[in-house]
*Asks:* 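There's a structure below that I have some questions on.
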Number of protein chains: 2
Amino acid sequence: MATTRDQGWLDAVVAGRDRLERSTTAERVADLLRAQILEGALAPGLRLSEEALGGALGVSRNTLREAFRLLVHERLLVHEYSRGVFVRVLTVDDVVDLYRARRLVECAALRYWPSAPEAATTAVRRAIAEAEAAAADDRWVDVGTANMRFHQAIGGLAGSDRIDAAVAGLLAELRLAFHVMGDPRTFHEPYVAGNRAILELLTAGEVEEAVRRMDRYLVEAEEQLVAGFAHLDTTR
Amino acid sequence: MATTRDQGWLDAVVAGRDRLERSTTAERVADLLRAQILEGALAPGLRLSEEALGGALGVSRNTLREAFRLLVHERLLVHEYSRGVFVRVLTVDDVVDLYRARRLVECAALRYWPSAPEAATTAVRRAIAEAEAAAADDRWVDVGTANMRFHQAIGGLAGSDRIDAAVAGLLAELRLAFHVMGDPRTFHEPYVAGNRAILELLTAGEVEEAVRRMDRYLVEAEEQLVAGFAHLDTTR
DNA sequence: CCCTAAGGATCGTTGAACAATCCTTCAATA
DNA sequence: TATTGAAGGATTGTTCAACGATCCTTAGGG
């Protein structure tokens, strides 16, 4: 048994135990594909041929299929029986559903602000500061990622790993739609000041007003995206 | 093109289109294993040997591994590199996190009651009625499943497929812990009347009071479960 | 122009194979 | 006695090849 004096040593070692976790090939392939999908390198609708992709990545079809299972479960790919897997194409209904879920989760998470630990509130402040810095430099793609981080940090106020994972999933799915929006500036710019406004409401103790503000921003973002979809339908 | 008169026919057919979706062997194996895990036939901590299970089910190791991927992603199984997959063993931290997530989602969903479509509110009423009927007949396992359905229906008030899926996932994970509670009666009985009370508050328009009540019930259930865990630790 | 049939391509699944890793056992050592 | 080390057998990680089933394309035929 470990003596009481050992505890300190052990805790320090255990704290970094995630750094020695090995990963399977399927997981690494999934990571690779996920990154490519989220940055738009793999366009929605594209079919991922098992043979072609397996050959290109140097992995077997079986391993690749395991990776596909993960990404299908994350809703980044869709699987059609005997037809293959495709990069997910979001519909307007999907966008509506995603924003409905986001409004529920993020607005509810905002109410945890007063009791949230400092690490969680700091993450919110930092994301806002990053967005403002990026906006000042005209780095609009970075503004977009900082904005994502802001909303992820809002979810983090709830202090639940599962809520964090859920928010991450919702944001990831939405990135499938963000790519159809052309200019990242017009989409993200209004929310740089908007997020700051929410933070100030929170620090002023006006949580319910912050919730209403967040709800409104999310409704606006949804409308903007839906409008973008409608534009696609009429243009093509 | 379909004429206007066709619409009725088509919608009716399309409504049942999910019944013709084929499924892969891996999905069916996952369904089978999921059911067994949720009803407690596969005890938490049990290792699922690829060779043994594959042989027993008559599927190849590769197919079985695809099924494992799905269930690991659902957090019903855990995967340890080069050691195999095991039925998830929930920790106290897991239970706390799960209830934190449930309180956030379900309490937020309750606020959608006034604007929820009738189908959604009816599902809530029906689940409560089922629980009451089962309790009257001393069918306490059925009370438990009706209670699950009640909470699923509460999540359904939000009208989002993704929220529904998230709630289903949280409830499924919790069933891993329910099995450590001995008697389903002592665990579920208090909530038969409690759920009815929430419904009455909702129909009376006292949504915020219903939210507080739900939050309290979930806190109590969490404490009961955590106490059960502590009892396990001291007993064994 | 639509329907049909043939052909090739791809998926779904299996089984075998081999290296890498883990677990158990047992002996050796301090 | 308790810990370390090595041998072995068992299990996982991954690949490959194969075959039937399903899909897609294309070329005729009506």
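To find a chain, count down the sequence lines: A is the first, B the second, and so on, and within it residues start at 1. Bear in mind the structure is a predicted one, so any value in this text is a computation, not a measurement.
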*Asks:* Name every donor-acceptor pair, under 3.5 Å, that has one atom in a side chain of residues 119-127 of chain A and the other anywhere in the protein, sequence neighbours excluded.
*Replies:*
| residue | atom | partner | partner atom | Å |
| --- | --- | --- | --- | --- |
| A:Thr121 | OG1 | A:Glu118 | O | 3.0 |
| A:Thr122 | OG1 | A:Glu118 | O | 2.7 |

*Asks:* Want to settle it: does A:Arg22 or B:Val59 sit nearer the 5' end of DNA chain C, counting the closest nucleotide to each?
*Replies:*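 Upstream on the strand: B:Val59.
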*Asks:* A:Leu53 CG to C:dC11 C1': how many Å, rounded?
*Replies:*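 Spelled out: CG on A:Leu53 to C1' on C:dC11 is 15 Å.
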*Asks:* From the list D:dT11, C:dT13, C:dG12, which nucleotide is the closest neighbour of the side chain of A:Glu50?
*Replies:*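 My answer, after comparing the listed nucleotides, is C:dG12.
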*Asks:* Examine the side chains of A:Asp142 and A:Thr145 and answer whether a donor and an acceptor come within less than 3.5 Å of each other.
*Replies:* no
*Asks:* According to ring pair (Phe, Tyr, Trp, His ring centres under 6.0 Å), who are the partners of B:Tyr99, at least two apart in sequence or on a separate chain?
*Replies:* none
*Asks:* Look at A:Thr63 and D:dT15 and indicate whether a side-chain polar atom (N or O) is within less than 4.0 Å of OP1 or OP2.
*Replies:*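 So the side-chain polar atoms of A:Thr63 do come within 4.0 Å of the phosphate oxygens OP1 or OP2 of D:dT15, strictly under.
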*Asks:* Between A:Thr25 and D:dT14, is there a contact of a side-chain N or O with OP1 or OP2 at under 4.0 Å?
*Replies:*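 Looking at the OP1 and OP2 atoms of D:dT14, one of them is under 4.0 Å from a side-chain N or O of A:Thr25.
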*Asks:* To the nearest angstrom, how far is A:Glu66 atom CD from C:dG12 atom P?
*Replies:* 14 Å
*Asks:* Base, sugar-phosphate alone, or nothing: which one does A:Gly58 contact when heavy atoms must sit under 4.0 Å apart?
*Replies:* sugar-phosphate
*Asks:* Side chains of B:Tyr217 and B:Glu106: closer than 4.5 Å at any heavy-atom pair?
*Replies:*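 No, side chains not in contact.
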*Asks:* Check the distance between C:dT13's C1' and A:Arg69's CZ and give it to me in whole angstrom.
*Replies:*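 From A:Arg69 CZ to C:dT13 C1': 11 Å.
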*Asks:* Rounded to the nearest Å, what distance is computed from the CD atom of residue A:Glu27 to the P atom of nucleotide D:dT14?
*Replies:*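 The answer, rounded to whole Å, is 9 Å.
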*Asks:* Are side-chain N/O atoms of B:Thr24 and A:Arg65 paired as donor and acceptor at under 3.5 Å?
*Replies:* no
*Asks:* Rounded to the nearest 0.5 Å, what separation is found between the CG atom of B:Leu110 and the CD1 atom of B:Ile154?
*Replies:* 5.0 Å
*Asks:* Specify the separation, in whole Å, of atom CZ of B:Arg61 and atom P of C:dC18.
*Replies:*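 Computing the B:Arg61:CZ to C:dC18:P distance gives 14 Å.
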*Asks:* Using a heavy-atom cut-off of 4.0 Å across all strands, would you classify A:Ser60 as base, sugar-phosphate, or nothing?
*Replies:*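 Base contact.
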*Asks:* Using whole Å, what does the distance between atom C1' of nucleotide C:dC11 and atom CG of A:Asn62 come to?
*Replies:* 12 Å
*Asks:* Using the ring of each side chain (for Trp, its six-membered ring), is B:Phe178 parallel, tilted or perpendicular to B:His188, with breaks at 30° and 60°?
*Replies:*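 The rings of B:Phe178 and B:His188 stand perpendicular, inter-plane angle above 60°.
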*Asks:* Please confirm whether the shortest side-chain N or O distance from A:Thr24 to OP1 or OP2 of D:dT14 is below 4.0 Å.
*Replies:*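 Answer yes for this pair, as a side-chain N or O of A:Thr24 is under 4.0 Å from OP1 or OP2.
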*Asks:* Would you mind reading off the distance between A:Arg65 atom CZ and C:dT10 atom P, rounded to a whole angstrom?
*Replies:*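 About 15 Å, once rounded to whole Å.
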*Asks:* Round to a whole Å and report the spacing from NE2 of A:His79 to C1' of D:dT22.
*Replies:*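 Spelled out: NE2 on A:His79 to C1' on D:dT22 is 12 Å.
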*Asks:* To the nearest 10°, let me know how far the axis at one end of the helix from C:dC1-D:dG30 to C:dC22-D:dG9 is tilted from the axis at the other, five pairs an end.
*Replies:*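 The angle, to the nearest 10 degrees, is 20°.
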